[in-house]
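When a residue number appears, it is its place in the shown sequence, counting from 1. Start at 1 and go down the list; that is how both ligands and their atoms are numbered.
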Amino acid sequence: MKVTVVGAGAVGASCAEYIAIKDFASEVVLLDIKEGYAEGKAMDLMQTASLNGFDTKITGSTSDYSKTANSDIAVITSGIPRKPGMTREELIGINAGIVKAVSSSLIEHSPNVILIVVSNPMDTMTYLVHKTTALPKHRIIGMGGALDSARFKYRLAEAMEAPISDIDGMVIGGHSDTGMVPLTSHATRNSIRVSEFLSEDRLQQVADDTKVGGATLTKLLGTSAWYAPGAAVSALVQAIACDQKKLFPCSTFLEGEYGLNDICIGVPVILGRNGIEEIVDIPLSDAEKNKMQESAAGVAKTNGLLDV
Ligand SMILES: NC(=O)C1=CN([C@@H]2O[C@H](COP(=O)(O)OP(=O)(O)OC[C@H]3O[C@@H](n4cnc5c(N)ncnc54)[C@H](O)[C@@H]3O)[C@@H](O)[C@H]2O)C=CC1
Ligand SMILES: O=C([O-])CC(=O)C(=O)O
């Protein structure tokens, strides 16, 4: 199993590290445009192998896509992150050109690749890849919901003073400060609805904190987060590589599911060796349906800024 990660910055390197530590891939190639940067990150990570007990071979490349040839999975993290006070949508001007060029180079060298798009604004970047490449839709996956759901579970556990392993919950919708739809009515603590433990106001606070999870960290760090994003990407890569058939919310091209068309947005999907093996269309309450429609309208507005 060969995995390429484009962008050896904060998220790309974290993602490569988690993939290596889980030891399910034979090879990880890190690629960046900064001269020597990916090679340096790869060497540094390889020097953790004997300490962390993995055999995954990590190599680096400066813009040489021949090194990525025949990748089974490729992750696109190349592009700029936001600074405090910015929205993800403001990154579109620079990141769209990068994501378009990178996806085309990846596919040229790995025609059977499954692409995972991370660069922001992620739903629009996923749509861009859908519109500008000939890849079938099940091989274009946007990562956002897995991260947002992890943050949702963190906030729920915090509010209930419960261990995170007790909590289950999911966030669908657009990966944006306003567009996320945390499914509070479906969230549970060991199969008991979280509304049994938390007041309506506290649950609303959890949902609000979840939606601005990325912005909160950006304010604290001066740039956006990388540990949880890297871990979320590695979980998707592992689900595909190991054919786990796991359910994650991912951004995928919709054709009528959730009443939406011609858009990539976060919905529950099953991930296995073929990429997105099924879109799971779950029943939503009227309030959740409305939030999903509003979220889609926001993503569509950003998509309208693309030149496709
Ligand atoms: N979807 C999600 O849930 C998340 C998305 N992100 C996004 O991921 C992206 C990366 O974030 P960070 O790693 O923190 O940024 P970073 O600045 O640390 O790393 C980005 C890397 O991309 C490289 N790069 C730029 N243009 C390139 C090109 N054409 N080819 C190859 N490499 C290129 C840069 O040299 C840099 O090393 C940002 O757009 C950020 O908003 C970050 C966290 C979560
Ligand atoms: O907040 C950002 O800009 C990066 C990101 O998507 C996240 O951490 O959720």
Side-chain angles (χ1 to χ4, degrees), residues 4-17 29-42 60-65 67-68 74-106 116-126 128-129 141-152 154 171 173-180 209-236 248-251 264-266 299:
T4 287
V5 179
V6 181
V11 177
S14 159
C15 161
E17 181 178 12
V29 179
L30 268 173
L31 184 146
D32 204 285
I33 42 165
K34 260 189 261 172
E35 189 66 42
Y37 193 60
E39 289 86 340
K41 289 272 182 120
S61 160
T62 304
S63 300
D64 179 0
Y65 280 86
K67 303 257 173 66
T68 72
V75 180
I76 303 178
T77 75
S78 45
I80 54 164
R82 63 172 157 168
K83 297 241 178 293
M86 290 173 75
T87 65
R88 295 177 180 89
E89 288 75 11
E90 287 175 66
L91 306 172
I92 189 172
I94 294 178
N95 287 357
I98 294 174
V99 169
K100 190 173 169 191
V102 165
S103 54
S104 155
S105 302
L106 283 169
I116 300 180
V117 181
V118 181
S119 311
N120 274 315
M122 180 278 296
D123 297 290
T124 295
M125 294 302 103
T126 307
L128 174 70
V129 173
I141 303 164
M143 194 296 289
L147 169 64
D148 303 332
S149 300
R151 288 180 176 152
F152 184 37
Y154 162 80
V171 178
H175 181 62
S176 71
D177 297 340
T178 53
M180 286 177 210
D209 290 345
T210 300
K211 288 167 73 171
V212 295
T216 302
L217 284 161
T218 303
K219 196 170 165 204
L220 289 168
L221 297 166
T223 184
S224 54
W226 55 89
Y227 293 119
V233 177
S234 78
L236 303 194
F248 289 97
C250 291
S251 191
C264 291
I265 195 165
V299 173

Quick check: do Cys15 and Pro229 have side-chain heavy atoms less than 4.5 Å from each other?
no
Going by the rule salt bridge (Lys or Arg N to Asp or Glu O under 4.0 Å), which residues pair with Lys67 if we only count those two or more places apart in sequence or in a different chain?
Asp64
Leu147 and Phe248: side-chain contact (heavy atoms from CB on, under 4.5 Å), yes or no, with the steps?
CA-CA 10 Å; Leu147 169 64; Phe248 289 97; over 6 Å; no
Non-hydrogen atom of Trp226 closer than 4.0 Å to ligand 1:
no
Looking only at protein heavy atoms, what sits closest to atom 6 (O) of ligand 2 is His175 NE2, 2.6 Å
Taking only heavy atoms of Leu91 into account, list the atoms of ligand 1 that are under 4.0 Å away from them.
41 (O)
By number and element, which atoms of ligand 2 are closer than 4.0 Å to a non-hydrogen atom of Leu147?
7 (C), 8 (O), 9 (O)
Is Ser78 in polar range of ligand 1, meaning some N or O pair under 3.5 Å apart?
no
Report yes or no: does Thr126 contribute a side-chain atom to a donor-acceptor pair with the main-chain N or O of Ile141 at less than 3.5 Å?
no
Going by the atom numbers of ligand 1, which of them fall below 4.0 Å from some non-hydrogen atom of Lys34?
35 (O), 37 (O)
Going by the closest heavy atom to atom 29 (N) of ligand 1, which one wins out of Thr218, Asn95, Ile98, Thr62?
Ile98
Per-atom contacts of ligand 1 with Leu147, taking only distances under 4.0 Å to non-hydrogen atoms
3 (O), 44 (C)
Where is the nearest protein heavy atom to atom 4 (C) of ligand 2: which residue, which atom, and how far?
Ser224 CB, 3.4 Å
Do the side chain of Ser149 and the main chain of Ala146 share a donor and acceptor less than 3.5 angstrom apart?
no
Polar atom proximity, Val118 to ligand 1 (N or O, under 3.5 Å)
yes
Atom 8 (O) of ligand 2 - nearest protein heavy atom and its distance:
Arg151 NH2, 2.9 Å
Donor + acceptor pair across side chains of Ser61, Glu39 (<3.5 Å):
no
Would Ser224 and Leu217 satisfy side-chain contact (heavy atoms from CB on, under 4.5 Å), going step by step from the backbone distance to the final call?
CA-CA 6 Å; Ser224 54; Leu217 284 161; over 6 Å; no
Any idea which protein heavy atom is nearest atom 2 (C) of ligand 2, and the distance to it?
Arg82 NE, 3.2 Å
List ligand 1 atoms under 4.0 Å from Asn120, heavy atoms only on the residue side.
4 (C), 5 (C), 6 (N), 7 (C), 39 (O), 40 (C), 41 (O)
Ligand 2 N/O within reach of Asn120 N/O, cut-off under 3.5 Å:
yes
Do any nitrogen or oxygen atoms of His175 lie less than 3.5 angstrom from nitrogen or oxygen atoms of ligand 1?
yes
Listed by chain and number, what are the salt bridge (Lys or Arg N to Asp or Glu O under 4.0 Å) partners of Asp177, not counting sequence neighbours?
Arg82, Arg88
Can you confirm, on distance only, whether ligand 1 has an N/O atom lying under 3.5 Å from any N/O atom belonging to Gly12?
no
Among all the protein's non-hydrogen atoms, which is closest to atom 14 (O) of ligand 1, and how far away is it?
Ala10 CB, 3.6 Å
To the closest 0.5 Å, what do you measure between CD1 (Ile94) and CD1 (Ile80)?
3.5 Å
Could you list the atoms of ligand 1 found under 4.0 angstrom from a heavy atom of Ala225?
43 (C)
Ligand 1 to Pro229, heavy atom cutoff 4.0 Å, flagged ligand atoms 43 (C), 44 (C)
Nearest non-hydrogen contact with atom 13 (O) of ligand 1 belongs to which option: Val11, Leu30, Val6?
Val11
Is there at least one pair of N or O atoms, one from Met143 and one from ligand 1, spaced under 3.5 Å apart?
yes
Tell me, with the steps shown, if Thr62 and Asp32 meet side-chain contact (heavy atoms from CB on, under 4.5 Å).
CA-CA 5 Å; Thr62 304; Asp32 204 285; over 6 Å; no
Going by the order shown, which atoms of ligand 1 are within less than 4.0 Å of some heavy atom of Ile80?
38 (C), 39 (O), 41 (O)
Do Asp32 and ligand 1 have an N or O pair less than 3.5 Å apart?
yes
Does one side chain, of Asn95 or Ser119, offer a donor that lies under 3.5 Å from an acceptor on the other?
no
Intermediate values then yes/no, side-chain contact (heavy atoms from CB on, under 4.5 Å), Val118 and Val11:
CA-CA 9 Å; Val118 181; Val11 177; 4.1 Å; yes
